[in-house]
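Here is how names work: the chains are called A, B, and so on, in the same order as the sequence lines, proteins then strands, and each is numbered from 1. Just so it is clear, the model here is predicted, and its values are computed rather than measured.
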Protein chains: 2
Amino acid sequence: MSLDINKVVIKTSLSSCFGSHFKEVEGANAFIEELAKDAEEVSFAQGEYVFKEKDAPEYVYIPESGSLMLERSTASGSRQVFAFLFTGNLAGLSENVSYSFSAKALTNCVVIRISRKLMQDIFDKYPSVAKRYHDMTGHILSLILDQLFIMGQKSAHQRLAHFLLDMEHRLGRGTHRFFLPMSRQDIADYLGMSLETASRGFSKLKKDGLISIESNYQITVTDSEKLISYAD
Amino acid sequence: MSLDINKVVIKTSLSSCFGSHFKEVEGANAFIEELAKDAEEVSFAQGEYVFKEKDAPEYVYIPESGSLMLERSTASGSRQVFAFLFTGNLAGLSENVSYSFSAKALTNCVVIRISRKLMQDIFDKYPSVAKRYHDMTGHILSLILDQLFIMGQKSAHQRLAHFLLDMEHRLGRGTHRFFLPMSRQDIADYLGMSLETASRGFSKLKKDGLISIESNYQITVTDSEKLISYAD
DNA sequence: CGAGCCCTTGATGCATTTCAACGAATGTGG
DNA sequence: CCACATTCGTTGAAATGCATCAAGGGCTCG
């Protein structure tokens with residue numbers, strides 16, 4: 001039940017999650033001290049579930065290394081992927097009765113686990129922290145609206161192009177090259193298309209010279225402008 | 001700059017928005033007093049915009065009578081409808097820099113307009129009210145996730161069936177009969193399909209005896225069970 | 001080297017879009 | 001009050017994008 005808040009990966013994850021100027025927020029330091037006492041690092045192997053739908057939402061989670069996927073499955077076996085989470089993203093923020101989705105480890109990963117009770121106690125003491133957290137919720141809401149917009153508007157190949165630009169931005173660390181931690185099936189379930197359509201999309205973008213595929217998961221965007229205009 | 005909080009429609013709208021037990025929340029009464037002083041009723045004619053994308057998000061809005069539609073349009077003229085709002089729903093809750101969508105009046109309507117500054121002041125004074133508001137945001141987030149799920153999973157006709165069940169629930173006031181305030185085009189843009197596909201969906205559901213169409217906008221669900229299993 | 005897994009590619013069929021015409025309801029001006 | 005225009009919804013036919021079914025290829029691991 002303790003967290004080494006001096007570890008670089010943890011500092012990085014927290015500041016990426018709560019924002020770079022979080023330390024200036026009143027109560028931020030107290031919050032971090034509480035994390036040091038009560039939060040934990042937890043490891044998950046690839047394919048394990050960090051939490052499942054219907055679990056009581058006792059914690060929120062911040063990936064420190066590795067990737068997660070938020071998904072909801074139906075009785076009939078089909079699945080919708082809601083989001084992919086990387087270092088410093090936040091999972092499980094706003095459900096009350098139970099989670100409405102599961103979080104699955106895409107890779108071996110380490111997550112920071114924070115109890116909701118701790119969050120709530122800090123919110124009660126430090127409204128500024130609560131406000132920041134609420135802003136984060138609003139930001140996530142707007143990201144989901146963007147996703148909804150894309151799902152409603154674009155053709156399958158356009159959605160894929162859009163997805164790749166998002167991944168380039170989030171995984172590329174300033175370069176055009178990135179490693180996808182998820183399978184074609186995961187991508188397809190995220191974008192609401194079949195595995196085959198996703199695969200054909202990759203092939204087409206490659207053939208048209210917009211991306212290159214070093215290996216199945218290693219992608220480079222070779223023509224950002226065209227990819228952007230294709231995704232438009 | 002004042003609101004008659006004793007008017008029945010206003011009481012109804014507020015309690016439907018903030019929840020029936022809101023009065024028991026610490027600070028709820030103070031909040032309502034502030035509304036009485038600073039909030040306003042504003043009227044809009046059918047087709048007018050309550051707010052537009054890129055407006056500074058100065059207010060939040062609660063429809064008191066009539067219906068709103070939240071939409072985002074592209075330069076190329078296409079449009080995604082994010083939600084339909086009726087009495088007691090909430091619009092504009094969580095954007096920071098600007099709204100990421102516009103709110104259009106589907107009918108002549110009256111909305112309660114509350115300044116964000118007032119909300120923030122109350123939140124600072126009464127964390128319980130802030131908490132309730134945050135819970136509402138979380139609830140909306142889960143509604144949008146449901147919508148995203150539906151968009152990713154279902155066929156066009158299934159999405160339409162799902163939509164009609166939602167409208168029955170929200171507009172039917174306990175009966176199976178309801179009046180749709182939006183056009184076929186609006187429905188199509190909400191569900192990510194063409195106007196014609198939406199229309200064919202209505203026709204099919206009617207032919208199969210799951211709904212009856214008294215007029216273009218007056219719908220009765222005649223076989224709930226079948227409609228539910230069709231939407232599943 | 002073979003097994004298993006994931007990805008790719010091809011062929012086919014179906015769902016949905018697009019294009020086009022028609023019909024119903026509403027409003028307007030002669 | 002009736003012709004006419006306008007708007008919105010329905011329906012049909014053709015075209016197309018995507019899913020599905022099916023086979024094959026490449027990679028990894030034992």
Donor-acceptor contact present, side-chain B:D189 to main-chain B:V81, <3.5 Å: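 Checked: no pair found.
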
Tell me: [atom1] of [X] to [atom2] of [N], nearest whole Å?
X      : N      : atom1 : atom2 : value
A:F202 : C:dT9  : CZ    : C1'   : 16 Å
A:L195 : C:dT9  : CG    : C1'   : 12 Å
A:L205 : C:dT8  : CG    : C1'   : 15 Å
A:L180 : C:dC6  : CG    : C1'   : 14 Å
A:E196 : C:dG13 : CD    : C1'   : 14 Å

Against the six-membered ring of B:F149, is A:R72 placed for a cation-pi contact (under 6.0 Å from the centre, within 45° of the normal)?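 Checked: cation-pi criterion met.
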
Quiz item: cation-pi between A:K226 and A:Y230, 6.0 Å / 45°: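 The answer is no; the distance or angle limit is not met.
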
Would you confirm whether the ring centroid of B:H134 sits within less than 6.0 angstrom of the ring centroid of A:Y133?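 They qualify: ring centres under 6.0 Å apart.
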
Any chance the rings of B:F51 and B:Y59 have centres within less than 6.0 Å?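 So the answer is no for these two rings.
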
Just N and O in the side chain of [X]: are any of them under 4.0 Å from OP1 or OP2 of [N]?
X      : N     : answer
A:S183 : C:dC6 : no
A:S203 : C:dT9 : yes
A:R184 : C:dT8 : yes

What contact category does B:S215 fall into here, base, sugar-phosphate, or nothing, at under 4.0 angstrom with non-hydrogen atoms?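 It contacts nothing in the nucleic acid.
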
Using side-chain heavy atoms (C-beta onward) and a distance below 4.5 Å, is A:R184 in contact with A:F202?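 A side-chain contact under 4.5 Å exists here.
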
So for A:Q185 and C:dC5, does any side-chain atom that can act as donor or acceptor lie under 3.5 Å from a complementary atom in the base?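 No.
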
Pairing of B:K104 and B:D186 as salt bridge, 4.0 angstrom limit: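 Answer for the salt bridge query: no.
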
Name the residue closer to the 5' end of DNA chain D, choosing between B:Y217 and A:A156 according to the nucleotide with the nearest heavy atom.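 The residue mapped nearer the 5' terminus is B:Y217.
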
What are the bounds, 5' to 3', of the part of DNA chain D that sits under 4.0 Å from heavy atoms of chain A?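 So the contact region on DNA chain D extends D:dC18 to D:dC21.
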
